[in-house]
Every structure is written in structure tokens, then in C-alpha cells.
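See below for the structure under consideration.
By convention in this document, chain letters (A, B, ...) are assigned in the order of the sequence lines, proteins followed by strands, and residues within each chain are numbered from 1.
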Amino acid sequence: MEISTVSDEEIIKLWDESKIFESEIVHKKPKYFITVPYPYTSGALHIGHARSYTLGDVTARYYRLKGFNVLFPMAFHITGTPILAISKRIAQDDKKMLAMHKEYVSIYEEDENKINEIVESFKNPEALANYYAKVIIADFKRMGYSIDWRRKFNTGEKFYNKFVEWQYKKFATQNLIIKGKHAVYFCPSCNNPVTTDDIKGGDELDIKMTEYYLIKEKIASENAHENCYLIAATLRPETVFGITNLWVNPEKIYVKVNVRNAGIDEMWLVSKKASEKLKKQGFEVNIIDEFKGENLIGKKAMTPLTNKEVEILKANFVDDDVATGVVNSVPGHAPYDYVALRDLGINFAQEPNFRMIDSKIKVEEVVKGIKNQTDEKLEDVTQELYKDEFYNGLMNENCGEFKGMKVAVAKEKVAERLKSLNLLSKIYENGIKDKDGDVIKGTCRCGTELEIRVLEDQWFLNYADDGWKNLAKKILKSIKIDPEIYRTGFVNAIEWLHEWPCTRNRGLGTKFPLDNKWMIESLSDSTIYMAFYTIAHLLRNLTVEELDNKFFDFVFLGKKFDGCEKYKNIRETFLYYYPMDERRTGIAHISNHLTFSLFHHAAIFPENLWPKKISLNEMLISEGKKMSKSLGNVIPLKNACEKFGADTVRLHLCYAADTSSTLDWKEKDVLATKSKIDEFVNFIKSVDGYASYEYRDMDKWLISKFNRHLEEFLNLMDKSEIRGAVQKIFYEFFNDIKWYLRRTEPNKKVPKEISEEWVKVMSIFIPFTCERLWGYIGKGNFVSAEGSLKVDKEAINENAESMENMLIELIDNVRNFVKLIEKHKKPTKVFIYFAEDWKRELFSEIKKGKGIKDVMADEKFKRHSKDVINMMKKTHQQDIKFIPTIEEEGGKIEGAKEFLEKELNLKVEIDVNADYDPKETRKFAMPLKPAIYIE
RNA sequence: GCGGGGGUACCCAAGCGGUCAACGGGGCAGGACUUAAGAUCCUGUGUGCGUAAGCCUUCGUGGGUUCGAUUCCCAUCCCCCGCACCA
């Protein structure tokens with residue numbers, strides 16, 4: 001087949017057949033193992049996904065071209081609830097979900113019936129995952145990704161489960177997994193915990209739960225033997241120092257309940273509704289007595305830490321369905337309390353502990369304009385005051401040992417203190433207050449309002465473990481981060497990570513090996529799977545039973561067992577590819593996935609197998625806006641490929657922005673990239689057919705330029721500065737080509753060697769185009785399989801480049817003057833003069849690093865002292881690379897005389913001795929910068 | 001508030017102590033080619049001045065360090081992202 005004319009699709013087929021992207025051990029060759037996170041198979045890929053993958057593929061191709069044995073694998077993530085949630089909603093005939101997936105499927109299918117049939121099949125989560133995996137593979141191939149597909153798998157497959165189980169058993173033996181309490185959203189009618197995917201509007205709304213601190217305030221009881229507490233709920237435990245009274249709603253039902261706390265029975269007074277919530281949130285609660293709130297009014301309770309008796313007052317604004325229905329009144333710092341007391345006509349400002357936080361904004365000031373406790377503005381001023389106090393406020397002398405502490409710090413400290421005195425507990429409420437003070441509560445997709453339950457036996461990865469943290473820090477020290485600016489992100493992430501709940505009640509993936517009722521959470525099963533890639537295809541030949549702990553211990557850690565010989569090649573394969581040389585992904589993953597990956601590598605693998613480099617890129621937006629379904633500006637990857645061609649999409653993703661800035665996908669710019677590729681094709685084709693011949697000067701210049709750009713290109717690629725690399729080898733070299741063509745017209749012969757090398761390098765970015773061109777220029781095999789790329793350093797000719805540069809600048813200069821002169825008369829002739837020999841000698845002195853004093857010692861310079869000082873001021877040692885003789889300069893211009901005359905439309909007179917110099921312009925001439933006179 | 005990143009010409013965007021009036025792309029204007037359009041190529045594109053190698057003012061704003069700052073330091077204003085159990 002004539003490859004020079006075939007379509008992208010046919011090239012993909014040829015690549016597949018030739019297996020050039022399948023990597024096998026080659027001991028003589030250096031290897032390069034690069035991965036990009038596997039996609040989640042719940043929908044079609046869009047152009048935003050393609051950025052990381054394309055940069056990953058470009059890197060893979062780059063190293064392949066440099067002669068590395070590259071492994072670039074891919075798999076699919078199906079762990080977690082989203083796929084299940086979609087299936088369920090499709091099964092329930094959810095219109096929105098159906099429409100969305102019909103749209104996705106219609107990207108790939110034309111026939112309406114077929115589309116419906118496929119979406120119908122999505123009722124089965126497995127079918128959904130498989131379908132999208134299939135189309136993603138097609139998309140990746142269409143994009144020309146050089147992936148070794150033999151290693152693909154999905155995270156629900158048995159052999160992968162075995163691998164993850166092995167990993168978690170390892171953590172268990174290292175005591176890195178702990179068990180504890182964890183609050184979750186729970187749907188009472190579905191009878192299971194829910195995640196974002198099950199919450200109505202969960203993907204758009206920010207549904208969160210509110211964590212209330214329960215503060216136990218001792219209250220007298222008829223029974224002197226029991227410990228009885230009024231349980232006030234607050235978001236601000238540090239304000240206990242400012243409590244002047246308590247609020248209870250007289251109209252609502254309250255209860256006295258027996259709560260068993262750490263084996264001790266206590267009596268709590270809370271609203272009846274609160275008692276039910278407490279039960280659900282893991283408290284052992286028995287109702288002893290039930291009464292109206294008014295029964296509590298007038299009684300006194302003791303505030304903790306300060307041990308002050310305060311009175312319970314009535315307040316109708318207290319909601320018995322929020323937390324406990326008992327509220328601390330802190331008028332000095334809570335506008336609501338201030339206004340409520342003012343409404344009651346109670347004077348409280350005399351209380352010695354009225355003010356307990358010093359900050360700029362004062363409660364008395366913010367409430368000035370507030371009419372009464374139902375005023376809507378109260379919410380605004382509360383937020384304003386709280387924000388100021390929290391971030392800028394300091395605890396004052398009323399706060400005992402906490403005096404002088406920042407409020408933000410004191411909040412934690414006071415809570416800890418109360419906890420240690422057994423005077424603090426927590427309760428969770430559905431929803432969090434938004435900016436307007438409205439509580440947005442989570443509702444299950446089934447329509448039921450969610451409640452909060454506290455799970456007692458949730459499993460956590462204990463990232464707070466000091467030993468583990470230190471290992472993660474150590475790994476970070478040794479790993480390369482590109483661009484380096486993101487390193488602090490990792491430092492912070494490692495520092496802040498603590499217990500991470502790593503199990504879920506539901507979802508696809510791997511069962512938690514220590515407790516089979518749990519599933520491993522989706523971020524937690526994807527931390528060291530890069531190691532799995534190296535051997536995934538070999539494991540297919542084994543039975544699942546064989547993949548036990550011994551097996552993985554041997555393959556990954558080298559622990560031998562009887563019969564391990566059989567798996568020697570698997571161990572060898574792993575060791576050949578590991579450690580991973582590079583992981584490429586978006587910066588959004590720094591705070592979780594990537595940092596988890598560091599932790600897990602550190603815990604499982606020996607130091608010599610830790611990953612070597614993480615390369616990162618920013619996100620992508622479209623025409624200045626974030627891509628989102630609601631804006632309808634999501635561009636499916638397949639559509640982009642069809643519209644612009646995969647090569648254009650690839651090159652544009654590489655060139656349109658630096659990796660560390662957001663890439664704005666603008667159609668206008670994409671089209672410009674496309675036409676640049678067309679230009680490239682035309683150029684390479686125009687080269688065809690010329691045999692090698694004696695190089696002319698301009699050929700040497702072009703070869704020099706090419707090699708210089710190539711050298712810079714290699715440097716930039718090694719630093720993952722892909723945009724800069726493209727600019728050098730494509731855009732800048734293109735400008736050189738244009739110049740070359742102008743200079744050598746009409747004899748448009750470009751050295752064939754350059755076009756070959758150029759096609760090779762460009763195949764990294766635009767592989768389809770280059771594959772065709774490779775065929776066109778008569779090379780066999782695939783350019784994508786080429787494994788050599790060398791800079792011909794010998795060919796880089798600094799002097800030739802400088803001389804050509806002189807010419808370019810000369811033209812510029814002449815044009816400038818022509819513009820000026822044209823206003824007065826029509827120029828016809830240009831005289832060119834060259835710098836006198838003494839200037840050349842002076843340059844050579846400067847180049848040697850001589851100073852003014854050294855130079856002035858010489859009589860021949862002293863004569864021109866004024867000019868010498870001037871020149872030395874302007875000219876720096878490092879700027880002087882080459883000092884030609886007058887003859888060389890003259891020769892260069894002479895050789896280009898015809899060209900100059902044509903370009904400038906002037907007669908050119910080369911006056912080496914400046915015999916005719918009416919305005920004495922020769923004095924302006926410098927080495928490599930001839931002077932000109934125009935008339 | 002904390003943490004991170006950033007503010008560069010009409011727009012996007014590189015530069016991160018001297019070669020910078022500032023790479024590259026887009027746009028715009030003029031020219032070549034063409035019956036025309038398109039494509040392609042060339043030229044120009046901060047301002048004001050100059051028939052001669054320059055001068056003036058400019059890289060958010062205001063200071064400072066330096067022989068020299070778009071680049072370093074300080075202050076200040078503005079924008080974006082993260083602050084978690086969500087993939």
C-alpha cells in the first residue's frame with residue numbers, strides 16, 4: 001500500500017498490525033515507562049481529557065524516537081458509585097440521564113435504533129463500562145496514541161482485585177489501616193449511605209454536612225446522684241467564655257435522655273427531635289422524661305471552663321430541629337443573641353465576660369441598623385463579624401489560658417480542652433449555610449430527605465502516621481516535579497493529609513480484604529497500579545487462584561517461595577520496567593491521587609522502585625469559558641478529531657499554552673495550527689526528488705539552524721517544556737525555511753537530510769501526517785518506529801549564522817532609513833561600509849575580557865578614546881561570538897548583492913574603503929554591522 | 001483567612017538581571033500572485049520626534065537595590081485555583 005496517501009484510519013490499522021507500540025524487554029536498550037491516569041468509563045471523552053493524554057503520548061513518542069524502549073500503557077477505571085448511579089437512573093427512566101447518554105452514544109453511532117439499544121443496555125453497569133471503554137480505545141487510537149493495548153484491564157477485573165487486596169493486606173500488617181467513626185449521608189428509604197452521585201443535584205450543588213459541637217453544661221437535677229447536662233449546640237466552641245445565658249424554645253418538646261458515654265451513664269437535656277438524631281448518629285439514647293421547653297425556662301446551668309451559672313431564657317427563634325434545640329447566648333459576639341436580648345429588654349453589656357474576643361468589628365456597631373431579631377440583615381452582619389473575628393480576632397483576658405490566641409487556633413484548642421474534660425461531643429446536620437444564610441439540605445435522588453449517620457467501623461488509611469508521612473516526604477525529595485512550581489502543592493498535601501476513609505458500602509471495584517462488607521474507595525484502589533501495567537498481560541495466562549499474596553510478594557518484592565521459579569519472567573519484567581519514569585497528569589490530582597500514590601509507593605516498594613518524575617499540566621477551557629454540560633460547550637474528542645484532524649488537535653494541545661497555564665481552546669487558533677501543518681506538508685513535498693549535492697552556503701546555514709533548533713528542542717523536551725520545544729522545532733525553524741527559500745530563489749532546493757530529520761521530529765506531534773510524508777519521501781517502515789535522533793553538532797556553524805544575521809539586520813536597517821528618506825526624495829542607491837580594523841581589534845580585546853584601562857594603554861585605541869569608551873559601554877564580553885574580517889564581511893554582502901538589490905529595490909554599492917562617504921557614515925559601522933548611506 | 005498561581009502591546013502568550021520596544025500565534029492594514037474569492041508569500045503594526053545609526057514614554061500601581069530591572073526586594077490593588085473524604 002502507498003502509505004503517503006492513506007487515511008488516518010488506515011495508518012492506525014497498519015500500526016496495530018505491525019505491533020510497533022507493544023513493548024517487550026530489550027536488555028540492551030534503555031527503557032522509558034510513562035503513564036497517564038486511566039480514564040473513568042462513565043461517558044465520552046472530551047477535548048479537555050485529551051490534554052494530559054496527548055502530552056503523555058508526545059513524551060512517549062519522544063523517548064521512542066530517542067532510542068528508548070518505551071512502555072505507554074492504558075487501562076480503565078470503573079471503581080466507585082458513578083457507574084452504578086448512572087445505570088440505576090437509566091433503569092429508572094431518568095429523562096435527563098437518558099438524554100445525556102444518548103448524546104454521548106450518538107457521537108459514535110448514527111442509527112437511532114442502535115443508539116437506543118445501546119443506552120438501554122446501560123441498565124447493566126457492566127455494559128455501560130464496557131461500552132465506554134470500547135469507544136475510549138477508539139478515541140485514543142484516533143488520536144494516534146502509541147499505547148501498548150495488550151496490557152489493558154479494568155479495575156473491576158478479578159486479577160486486579162487480587163492485586164489491590166494484596167496491597168491492603170500489606171497495609172494492615174504495617175498498621176497503616178485503622179478503624180473509626182465516620183459521618184455519612186444516609187438515605188432512610190434506600191437504606192444505604194449515599195455519595196455525591198446519589199444526591200439530587202449533587203454534581204452541581206455543594207452539599208455538605210454541618211458539624212455542630214455539643215457542649216455539656218451542668219444543670220441541677222432532682223436526683224442528686226446523676227450527672228445531668230443541658231446540651232447546647234454551637235459552631236463556635238471558643239465562645240464558651242462569653243456565654244451570658246442559654247436559649248430554649250418554650251413551645252417545643254424537650255426530653256431528658258440517658259446517654260451512655262464511655263461506659264458512664266449521663267442525663268442529657270435536648271429537644272426531642274435531637275434525641276432521635278443522636279440515636280442515628282451512634283449514641284446510646286434512652287428517653288427518661290418528656291416535657292415542654294417552658295419547663296426549662298428560668299433554670300440555671302453551669303458553663304464549662306468558666307463554671308459560671310447562667311440562666312435559661314426563652315427564645316422562639318430557636319429551632320428544635322437544628323442540632324439540640326439548645327443554644328448558647330453570646331451577645332458580645334453573636335448579633336442574633338445581642339438583638340434577641342435587646343428585644344427582651346435585658347441589659348447584658350455589664351456582664352464582665354461580655355466581650356471575650358478583640359477584633360476590629362464590634363457587635364454593637366454591626367447591630368445598630370438592625371430592627372429586631374427577625375431582621376433579614378442579621379445574617380449578613382453575623383457573617384461579617386464572624387469572619388473578622390475568626391481570622392483577625394484574638395482571645396482576650398476573659399479566656400484564661402487561651403488569652404492571646406488567634407480565634408482560628410483557639411477554636412480547635414478549646415474544643416480539645418472540652419473534649420479532654422469529657423464536656424464535648426458532636427452532632428451532624430444535613431446541609432450547610434450558603435452565603436445568604438439558607439441551608440441547602442441534601443436530598444436523595446429517590447426524593448427522600450437525607451439524614452446523617454455515623455458509621456462505627458469505617459476503615460481509614462492512616463496518612464497521619466508519622467513514619468508514613470516521613471517516607472512520603474522522602475519520596476518527594478527524590479522525585480522530579482515538572483514544572484517545579486508545583487512542588488509546594490505536594491509538600492502541603494503530604495502535610496495536611498490525615499485519616500482517609502478508604503472503604504465504601506457500595507460501588508464497583510475491589511472488596512476490602514479485612515472486612516468483606518466494604519468496598520475499597522475509588523481513589524484508594526488506584527495508587528500503585530502503574531506497577532500492575534508492567535505485568536498485566538502476563539497475568540492473563542495465570543489463574544486467579546495463583547495470584548495470592550506469595551505471588552505478589554515475589555513479583556513485586558522479590559520474596560521467594562517454593563515454586564516461584566515458574567514466575568521468574570514476570571518478576572524480571574516488572575524489574576525491567578519499574579520504577580516508573582514519568583507520570584503525567586493534571587494539577588487537580590496533586591492534593592489527592594498523586595500524593596496518595598507517593599504514600600503508597602513509599603509503603604510498599606523499596607526506595608529503588610520509587611517513581612522518578614511527575615509532570616503536570618493545567619486544565620483546558622473552551623473559547624474563554626470553562627467547559628460544562630450546562631453551557632453546552634463541551635467538545636467531544638471524536639468531533640474535534642473529525643473537524644480538525646487528530647494531528648491538528650495534538651499539535652494545538654501541545655503548542656497553544658504552556659503546561660502550567662490554562663489552555664484556551666479557540667477554534668480560530670486551532671484552524672491556524674491546521675494551516676501551519678498544511679504548509680509543512682507542502683514544504684516537505686516540495687523537497688522531494690532532490691538528490692544530495694554540493695552544499696551551498698545557504699544550505700550550510702539552514703543545516704546549522706536546524707541542528708541548533710534541534711539541540712534546543714531536545715533540552716526543552718527533557719524538561720517537559722513542550723510548548724517551547726514545538727516553538728523551536730516547528731515555528732522558528734519554519735521561519736528559517738522561509739528565509740532560506742527567499743534567499744535561494746528560484747532554485748528551491750533544500751537538503752533532503754533536513755526534511756527527513758524534520759519529519760522524524762515532527763512525528764512526535766503529528767504522527768499521521770508524518771507517517772504519510774515518510775512514505776512520500778521514500779522511506780520504508782514507520783516513522784513512528786524510528787529510534788534515532790541526533791544533533792549534528794559539527795553542522796552548527798556559529799560564524800555562518802552570524803554572517804547571515806548581519807545580512808538580515810542590514811536589510812532591516814536599510815528599510816528603516818528608506819522610510820525616513822522617502823518623505824523627501826526617492827532613494828535609488830545604497831552604499832555599504834564596513835567597520836575599520838581597529839574596531840575589530842577592540843572587539844577582540846573586549847572578548848578577552850579587557851577593561852577600559854587595559855585597552856587605553858594601547859596607542860591605536862587611545863586615538864579613538866571617545867569612541868572606544870562608547871563602544872565598550874555598549875558591548876559586552878558575552879555578546880561577541882565571532883569577529884569577521886572586512887574581507888569576509890565584504891564577501892558575504894557581495895555574494896548576496898543580487899538578492900539585496902531585489903529585496904530592497906535599490907542599487908547596492910559595496911564600498912570597502914569608503915572612498916565615497918559624503919556624510920561620514922562609516923564611523924557608525926561595527927563588526928557584523930555595516931554602515932549604510934542612501935541616496 | 002490560609003495555601004498556590006498570575007497581572008506583558010488590539011487579543012492570546014513567551015521572557016524571569018544586560019543581545020528587550022520585548023519570541024511565537026491570532027487579528028488588523030498594505031503589497032505580490034489570482035478573472036475573483038480563498039490559500040500562500042512579503043511588508044507594516046506602542047507613542048511622539050528625526051533625510052541617518054538615534055531620542056521619548058512603556059511590561060497592574062508606588063517605592064527600593066543595581067552602572068543597568070519586564071526580570072531581584074518591599075509595599076499596594078486586582079484576577080484565578082485549592083481548603084478534602086469527591087472522581
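Judged by the 6.0 Å and 45° rule, A:Arg723 forms a cation-pi pair with A:Tyr655.
Among the heavy atoms of the strands, none lies under 4.0 Å from A:Asp678. Across all strands, A:Glu903 comes closer than 4.0 Å to no nucleic acid atom at all (heavy-atom distances). Within 4.0 Å of A:Glu732, counting heavy atoms only, lie sugar-phosphate atoms of the nucleic acid but no base atom. If you check every strand for non-hydrogen atoms under 4.0 Å, A:Ala931 touches a base. As judged by a 4.0 angstrom heavy-atom cut-off over every strand, A:Tyr933 is placed among the base-contacting residues. Counting non-hydrogen atoms under 4.0 angstrom, A:Asn492 reaches the backbone sugars and phosphates but no base. Note on A:Ser675: only backbone sugar-phosphate atoms sit closer than 4.0 angstrom, heavy atoms only; bases stay farther off. Looking at heavy-atom distances under 4.0 Å, A:Arg504 makes contact with sugar-phosphate atoms alone, never a base.
Among residues at least two apart or in separate chains, salt bridge (charged side-chain N to carboxylate O under 4.0 Å, His left out) pairs with a member in residues 806-817 of chain A are A:Arg815-A:Glu903.
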Pair A:Ile614, A:Leu598 - check side chain to side chain contact (heavy atoms under 4.5 Å, CB included), show working.
CA-CA 10 Å; A:Ile614 293 173; A:Leu598 295 184; 4.2 Å; yes
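In the set B:A52, B:G25, B:G44, B:G25 carries the atom at the smallest distance from any side-chain atom of A:Asn735. For A:Lys676, whose side chain is taken as the heavy atoms from C-beta onward, the closest listed nucleotide among B:G25, B:G24, B:U51 is B:G25. Comparing B:A87, B:A84, B:G44 by their closest approach to the side chain of A:Lys819 singles out B:G44. The side chain of A:Gln727 has B:C23 as its nearest neighbour among B:C41, B:A87, B:C23. Each of B:A87, B:A53, B:U51 was ranked by its minimum atom distance to the side chain of A:Leu820; first place goes to B:U51. Nearest to the side chain of A:Pro82, among B:A87, B:C42, B:A53, sits B:A87. Listed candidates were B:A87, B:A13, B:G26. Nearest to the side chain of A:Lys668 is B:G26. The side chain of A:Glu679 sits closest to B:U40 out of B:G25, B:A84, B:U40. Among B:G25, B:A13, B:C86, the nucleotide with an atom closest to any side-chain atom of A:Asn592 is B:C86. Candidate nucleotides B:A14, B:A84, B:U43 were compared by shortest atom distance to the side chain of A:Leu497, and B:A84 ranks first.
Computed from coordinates, the A:Lys839 NZ to B:A53 P distance equals 13 Å when rounded to whole Å. Residue A:Ile590 contributes atom CD1, which lies 17 Å from atom P of B:G3 at whole-angstrom precision. Atom OH of A:Tyr731 is separated from atom P of B:G25 by 8 Å (rounded to the nearest Å). Atom CE of A:Met619 and atom P of B:G5 are 18 Å apart (whole Å). Rounding to whole angstrom units, CG of residue A:Asn816 and P of B:C49 are separated by 16 Å. Between A:Glu618 atom CD and B:G6 atom P there is a gap of 11 Å when expressed in whole angstrom units. In this structure, the CG atom of A:Leu741 is 9 Å from the P atom of B:C42, given to the nearest Å. If you take CG of A:Asp669 and P of B:A14, they are 13 Å apart, rounded to a whole angstrom.
Side-chain contact, A:Thr673 with A:Asp669: no donor N or O sits under 3.5 Å from an acceptor N or O.
OP1 or OP2 of B:C12 has not a single side-chain nitrogen or oxygen of A:Lys666 nearer than 4.0 Å. At B:G15, none of the side-chain N or O atoms of A:Arg723 fall inside 4.0 Å of OP1 or OP2 (strictly under the cut-off).
Nucleotide B:C33 has no partner under the Watson-Crick or G-U criteria, as no pair reaches both atom distances under 3.5 Å. The partner of B:U65 is absent, by the rule that a Watson-Crick or G-U pair needs both atom distances under 3.5 Å. For B:A52, there is no paired nucleotide, since no Watson-Crick or G-U wobble pair has both relevant distances below 3.5 Å. When both distances must be under 3.5 Å, the Watson-Crick or G-U wobble mate of B:C83 is B:G1. The nucleotide B:C28 finds its pairing partner in B:G44, both defining distances of the Watson-Crick or G-U wobble pair being shorter than 3.5 Å.
Straight-line distance between the P atoms of B:A22 and B:U43: roughly 16 Å, to the nearest whole Å. Nucleotides B:A39 and B:C28 are separated by 10 Å at their P atoms, to the nearest Å. Across the P atoms, B:A36 and B:G18 are found 50 Å apart, a figure rounded to whole Å. Taking the C1' atoms as reference points, B:U51 lies 16 Å from B:C55, given to the whole Å. Straight-line distance between the C1' atoms of B:G27 and B:C12: roughly 10 Å, to the nearest whole Å. B:U71 and B:U61 are spaced 11 Å apart, taking the P atom of each and rounding to whole Å. Between B:A21 and B:U70, the distance separating the two P atoms is 10 Å to the nearest Å. Here the separation of B:G30 from B:G24, taken at their C1' atoms, is 23 Å to the nearest Å.
For an aromatic pair to be called close, the ring centres must be under 6.0 Å apart, and A:Tyr168 with A:Phe171 satisfies this. For A:Phe76 and A:Tyr40, the ring centers are positioned 6.0 Å apart or more. A ring-centre distance under 6.0 Å is not found for A:Tyr933 and A:Tyr833. Taking the six-membered ring where the residue is Trp, the centroids of A:Trp739 and A:Phe899 are separated by under 6.0 Å. In summary, the aromatic rings of A:Phe460 and A:His498 are positioned with their centroids too far apart to meet the 6.0 Å limit.
Under the side chain to side chain donor-acceptor pair (under 3.5 Å) criterion, A:Tyr185 pairs with A:Asn430, sequence neighbours left out.
With respect to the salt-bridge test (charged N to carboxylate O, under 4.0 angstrom), the residues A:Lys728 and A:Glu712 qualify.
Between A:Ser661 and A:Trp739, the one whose closest nucleotide on RNA chain B sits nearer the 5' end is A:Ser661. If A:Thr662 and A:Glu521 are placed on RNA chain B by their nearest nucleotide, the residue sitting closer to the 5' end is A:Thr662.
For A:Thr921 against B:A53, a side-chain N or O and a base N or O form a donor-acceptor pair under 3.5 Å.
Contacts of residues 483-491 of chain A with RNA chain B (heavy atom under 4.0 Å): A:Thr488.
When A:Phe683, A:Phe765, A:Phe680, A:Phe713 are each tested for a ring-ring contact (aromatic ring centres under 6.0 Å, His included) with A:Phe730, only one passes: A:Phe680.
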